[in-house]
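Every value quoted in this text rests on a predicted model; they were computed, and no experiment measured them.
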Amino acid sequence: MSDDETQPGTTTTIEVFAEVGCPFTHVGLRRLVEHRRAAGRDDVRFHVRAWPLELVNGTPLDAAFIAEEVDEIRPQVAPDLFSGFSAAAFPATSLPAMALESAAYEVDPVVGERVSLELRDRLFERGDDIAEPSVLADIAADHGISFDPDDLSAAQRDHTEGVERGVIGSPHFFTPSGSFFCPALDVSRNSEGHLVVTADPAGFDSFIAACFS
């Protein structure tokens with residue numbers, strides 16, 4: 001990030017390394033966009049890079065595991081989200097969706113952000129399988145994007161860069177004043193191994209200040 005990106009009258013870009021199938025990222029991005037709208041801060045943009053857990057873990061995300069996370073997140077911190085989530089429609093791979101996300105950012109940063117948000121909305125709010133070629137083709141056509149769903153090199157490059165930059169997991173944000181891992185939520189497991197997700201107001205406030213200062 002160049003120094004002039006944080007000067008008045010210019011756009012501040014917050015980089016986010018994230019998995020498109022990560023429900024924690026969905027919550028974080030939604031909250032950020034809501035805050036930006038309320039604050040009237042269109043000068044802040046989010047560039048979502050791929051942190052493909054399929055490559056990190058060596059296996060695609062497990063739909064049942066994601067459903068467990070959604071079941072914990074929704075009642076505890078996000079009752080307004082995940083209304084249409086379907087574990088049965090969870091994609092067998094998220095790499096083609098992240099290829100589309102990368103191609104969208106190559107068109108324009110605003111288009112990239114819109115597509116990144118729409119992919120997550122399709123998955124978590126509409127119950128769409130975002131690995132389906134027809135779903136990706138519809139999104140690409142709506143935003144005027146040409147991309148090859150079989151070209152997964154962008155996700156691989158982002159993964160390599162993320163490792164070099166010390167990405168911990170999804171989502172990991174890089175702001176002008178520091179980096180934050182999953183700043184909106186506190187995620188842990190209790191003594192019985194049950195997933196516990198709670199809001200982290202203090203962490204989120206510090207993160208918001210770093211993004212919008």
Does Asp150 have any side chain to side chain donor-acceptor pair (under 3.5 Å) partners at least two apart in sequence or in another chain, and if so, which?
none
For Gly21 versus Ile66, what's the shortest heavy-atom pair and its separation?
O-CD1, 3.8 Å
Residue pairs passing the ring-ring contact (aromatic ring centres under 6.0 Å, His included) test where at least one lies in residues 51-81, sequence neighbours excluded:
Trp51-His159
From Asp129 atom CG to Leu123 atom CG, the distance as rounded to the nearest 0.5 Å:
8.5 Å
From Phe147 atom CZ to Ile139 atom CD1, the distance as rounded to the nearest 0.5 Å
8.5 Å
Nearest atoms (heavy-atom pairs only) where Leu152 meets Pro96:
CD2-N, 4.0 Å
Smallest separation among heavy atoms of Met98 and Ala50, with atom names:
SD-CB, 3.7 Å
Minimal heavy-atom distance between Val27 and Ala78, with the atoms involved, is CG2-CB, 4.2 Å
Would you call Pro183 and Asp200 a side-chain contact if the rule is heavy atoms closer than 4.5 Å?
no
Verdict with supporting geometry, Leu32 and Ile208, side chain to side chain contact (heavy atoms under 4.5 Å, CB included)
CA-CA 8 Å; Leu32 282 170; Ile208 286 291; 3.8 Å; yes
Pro109 and Thr13, any side-chain heavy atoms less than 4.5 Å apart:
no
Salt bridge (Lys or Arg N to Asp or Glu O under 4.0 Å) pairs, two or more places apart, involving residues 111-126:
Arg30-Asp121, Arg36-Glu113, Arg45-Glu113, Glu101-Arg120, Glu118-Arg122, Asp121-Arg126, Arg122-Asp128
Once salt bridge (Lys or Arg N to Asp or Glu O under 4.0 Å) is applied, what residue pairs with a partner in residues 155-166 remain, sequence neighbours excluded?
Glu15-Arg165, Arg49-Asp158, Arg49-Glu161, Glu161-Arg165
Does anything in residues 56-66 form a salt bridge (Lys or Arg N to Asp or Glu O under 4.0 Å)? List the pairs, not counting sequence neighbours.
none
Would you mind listing every salt bridge (Lys or Arg N to Asp or Glu O under 4.0 Å) that reaches into residues 202-213, with sequence neighbours excluded?
none
Pairwise ring-ring contact (aromatic ring centres under 6.0 Å, His included) hits with a residue in residues 95-140, at least two apart:
His26-Phe124, His47-Tyr105, Phe82-Phe124, Phe85-Phe124
Side chains of Ile130 and Ser94: closer than 4.5 Å at any heavy-atom pair?
no
Could you list the residues that satisfy salt bridge (charged side-chain N to carboxylate O under 4.0 Å, His left out) with Asp80, not counting sequence neighbours?
Arg31
So CG of Leu95 and CG of Leu53: to nearest 0.5 Å the spacing works out to 10.0 Å
Within this structure, what is the CZ-CG distance for the pair Phe46 and Leu117, rounded to the nearest 0.5 Å?
9.0 Å
Please name all residues satisfying side chain to side chain donor-acceptor pair (under 3.5 Å) with Asp43, sequence neighbours left out, ordered by chain then number.
Arg41
Taking every non-hydrogen atom, the tightest pair across Ala18 and Ser170:
CA-OG, 3.4 Å
With a 6.0 Å cut-off on ring centres, are His35 and Phe212 close enough?
yes
Would you say Val33 ends up clustered with Val110 if hydrophobic residues are merged whenever their side chains have heavy atoms under 4.5 Å apart, either directly or through other cluster members?
no
Between Pro171 and Phe24, is any pair of side-chain heavy atoms under 4.5 Å apart?
yes
Take the angle between the ring planes of Phe174 and His172 and call it parallel below 30°, perpendicular above 60°, tilted in between.
parallel
List the residues meeting side chain to side chain donor-acceptor pair (under 3.5 Å) with Asp151, not counting sequence neighbours, and say none if there are none.
Ser153
Sub-3.5 Å donor-acceptor pair from the side chain of Ser179 to the main-chain atoms of Thr175, do we have one?
no
Nearest non-hydrogen partners of Ala92 and Ala131, listed with the distance:
N-CB, 4.4 Å
Leu100 and its side chain to side chain contact (heavy atoms under 4.5 Å, CB included) partner, picked from Val115, Asp148, Val20
Val115
Among residues at least two apart in sequence or on other chains, which ones pass side chain to side chain donor-acceptor pair (under 3.5 Å) with Thr93?
Glu54
When clusters are formed from ILVMFWY side-chain contacts under 4.5 Å, directly or step by step, what else is grouped with Phe181?
Ile168
